[in-house]
Amino acid sequence: MRVDDRFRGTGAGRAQLRHIVAQARERGIRSLWLETGSADAFISARALTRARGSPRAGRSRATRPIRSPPS
């Protein structure tokens, strides 16, 4: 998942993530993983996933599920 630089800060990434979560929920998928890097270029992505309730990955860079609130 990536947003073109021209659309950063406009809510486009948040909208993409909401859509992905909604589609997964419709299909009965109960866990999603969105992998992010540890470099500074991924600060926004990590903030977005944390805002959705995903815990911060440890040093092992293990992926963690993004938990969506019950509908």
Side-chain angles (χ1 to χ4, degrees):
M1 182 178 127
R2 179 148 184 355
V3 175
D4 185 287
D5 289 343
R6 294 172 296 170
F7 299 100
R8 291 189 69 204
T10 66
R14 186 171 286 112
Q16 284 181 347
L17 186 55
R18 270 196 313 263
H19 177 75
I20 291 167
V21 170
Q23 290 296 307
R25 186 178 288 136
E26 262 183 42
R27 290 168 171 78
I29 297 170
R30 299 176 56 91
S31 295
L32 294 174
W33 284 263
L34 179 63
E35 218 172 320
T36 62
S38 59
D40 287 349
F42 295 97
I43 289 172
S44 296
R46 291 192 304 267
L48 177 61
T49 58
R50 278 195 306 272
R52 292 287 308 186
S54 177
R56 183 171 182 241
R59 288 180 187 233
S60 67
R61 298 185 188 171
T63 57
R64 309 285 177 143
I66 297 173
R67 306 221 186 272
S68 58
S71 50

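For the numbers below, each heavy atom of this structure counts, side chains included, while hydrogens, waters and symmetry mates do not.
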Exercise. Residues in side chain to side chain donor-acceptor pair (under 3.5 Å) with Asp4, at least two apart?
Worked result: Arg6
Exercise. In chain order, what residues pass the side-chain contact (heavy atoms from CB on, under 4.5 Å) check against Ala24, with sequence neighbours excluded?
Worked result: Ile29, Leu32
For this session: With sequence neighbours excluded, tell me which residues meet side-chain contact (heavy atoms from CB on, under 4.5 Å) with Asp5.
Result: Arg2, Arg8
